[in-house]
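Throughout, numbering of the chain's residues begins at 1 and tracks the sequence.
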Amino acid sequence: MIDVLVVDDHVIVRQGLRGMLAAEPDLDVVGEAGSGPEAVAMVGAHAPDVVLMDLRMPGGDGVAATTAITEQHPGTHVVVLTTYDTDADILRAVEAGAAGYLLKDCSQAELTSAIRAAARGETVLTPSVAARLVSRMRGPQPESLSPREVQVLGLVAVGRTNAEIGRELHITEATVKTHLLRTFSKLDVSDRTAAVTVARERGLLS
């Protein structure tokens, strides 16, 4: 039997996954958790073979929980099951030690196959996720933003004008514009809205 822990902040999702996995003779759901910290505690209590981990949860995100689980319980394999497929989310999960990354639109057969593969110590990725990782590894790495550029863009994201940003950071409006132009160049965008969108996708802005 493969013991599975289901982690998601939505009760109905957890119940749906439990019901789905109950139909499989070799899979046993040993528990449910609604947050990252709760998941870490339950792994310590139940030592499941595989954890199905939601990525974004208000009570504590899945990446931090994945990091803790893989460090503290190397015999437990984490498979991320999420609706998010941005480069930043994928990389954060993989770097945290996740053995798999699936999207919630996958089929029951894909999900159960991934759980069994993860239990064997294999890596499992949704095809679209695998393609994004390969593309990112082959392509040039984006130039990183400086702390000041991130600070300026963060204020743009909450609606500040250049003049307001200058006053808040005690720099001239011309300096604000310079930071933004450099940011646009690094992110390969042409306007403020696109810069904020791309920065969020890459995990540069919360």
Side-chain angles (χ1 to χ4, degrees), residues 7-10 13 34-37 39 51-70 78-107 110-111 114 118 123-162 164-165 168-169 175-206:
V7 184
D8 197 289
D9 59 314
H10 294 99
V13 173
S35 70
V51 177
L52 286 181
M53 180 74 72
D54 191 15
L55 202 57
R56 301 185 188 179
M57 296 174 285
D61 85 329
V63 170
T66 297
T67 300
I69 290 168
T70 55
V78 178
V79 175
V80 171
L81 182 62
T82 180
T83 56
Y84 302 99
D85 66 345
T86 66
D87 288 356
D89 286 320
I90 296 167
L91 288 174
R92 287 174 66 228
V94 171
E95 289 170 354
Y101 198 107
L102 302 178
L103 300 180
K104 286 182 177 177
D105 61 359
C106 69
S107 67
E110 290 171 328
L111 177 61
T123 299
V124 285
L125 300 171
T126 292
S128 63
V129 169
R132 291 180 77 116
L133 280 176
V134 170
S135 175
R136 187 180 179 91
M137 291 175 65
R138 287 177 176 169
Q141 294 301 305
E143 191 175 356
S144 61
L145 301 183
S146 70
R148 178 64 93 181
E149 288 163 352
V150 171
Q151 193 175 27
V152 169
L153 193 57
L155 292 172
V156 169
V158 296
R160 300 284 199 279
T161 65
N162 288 355
E164 290 170 338
I165 294 171
E168 188 161 338
L169 300 181
T175 301
V176 173
K177 290 179 181 179
T178 298
H179 285 310
L180 285 175
L181 288 174
R182 288 176 179 165
T183 299
F184 294 171
S185 176
K186 290 180 178 180
L187 299 180
D188 193 25
V189 297
S190 59
D191 59 65
R192 297 159 71 96
T193 301
V196 170
T197 300
V198 171
R200 282 176 171 158
E201 288 177 350
R202 294 184 184 175
L204 302 175
L205 294 178
S206 59

Which atom names give the shortest non-hydrogen contact between [X] and [Y], and what distance separates them?
{"X": "Val63", "Y": "Ala93", "value": "CG2-N, 4.3 Å"}
{"X": "Val80", "Y": "Ala98", "value": "CG2-CB, 4.0 Å"}
{"X": "Val156", "Y": "Ile165", "value": "CG2-CD1, 3.6 Å"}
{"X": "Gly60", "Y": "Pro37", "value": "CA-CD, 3.8 Å"}
{"X": "Thr161", "Y": "Arg192", "value": "CA-NH2, 4.1 Å"}
{"X": "Val7", "Y": "Ser35", "value": "CG1-O, 3.9 Å"}

Would you say [X] and [Y] make side-chain contact, with heavy atoms under 4.5 Å?
{"X": "Ile69", "Y": "Met53", "answer": "yes"}
{"X": "Leu204", "Y": "Leu145", "answer": "yes"}
{"X": "Asp54", "Y": "Lys104", "answer": "yes"}

Just verifying a value: how many Å separate [X] [atom1] and [Y] [atom2], rounded to the nearest 0.5 Å?
{"X": "Asp191", "Y": "Leu180", "atom1": "CG", "atom2": "CG", "answer": "11.0 Å"}
{"X": "Leu155", "Y": "Glu164", "atom1": "CG", "atom2": "CD", "answer": "9.5 Å"}
{"X": "Leu153", "Y": "Arg200", "atom1": "CG", "atom2": "CZ", "answer": "8.5 Å"}
{"X": "Leu52", "Y": "Thr82", "atom1": "CG", "atom2": "OG1", "answer": "12.0 Å"}
{"X": "His179", "Y": "Asn162", "atom1": "NE2", "atom2": "CG", "answer": "11.5 Å"}
{"X": "Ser144", "Y": "Lys186", "atom1": "OG", "atom2": "NZ", "answer": "6.0 Å"}

(request) Start with the C-alpha gap between Leu169 and Arg148, add the side-chain angles, then the distance that decides, and say whether side-chain contact (heavy atoms from CB on, under 4.5 Å) holds. (result) CA-CA 9 Å; Leu169 300 181; Arg148 178 64 93 181; 3.5 Å; yes
Please enumerate all residues that pass side chain to side chain contact (heavy atoms under 4.5 Å, CB included) together with [X], with sequence neighbours excluded.
{"X": "Ser190", "answer": "none"}
{"X": "Val189", "answer": "Phe184, Leu187, Ala194, Ala195, Val198"}
{"X": "Arg56", "answer": "Tyr84, Thr86, Asp89"}

Only residue of Thr66, Thr67, Asp61 satisfying side chain to side chain donor-acceptor pair (under 3.5 Å) with Arg92 is Asp61
Hey, does the side chain of Thr70 reach the backbone of Ala96 with a donor-acceptor pair shorter than 3.5 angstrom?
yes
Donor-acceptor under 3.5 Å (Thr126 side chain, Leu103 main chain) =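 Yes; at least one donor-acceptor contact below 3.5 Å.
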Check your understanding: Is the shortest distance from a Lys or Arg side-chain nitrogen in Arg160 or Glu168 to a carboxylate oxygen in the other one below 4.0 Å?
Key ->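 Result for this pair is yes, salt bridge flagged.
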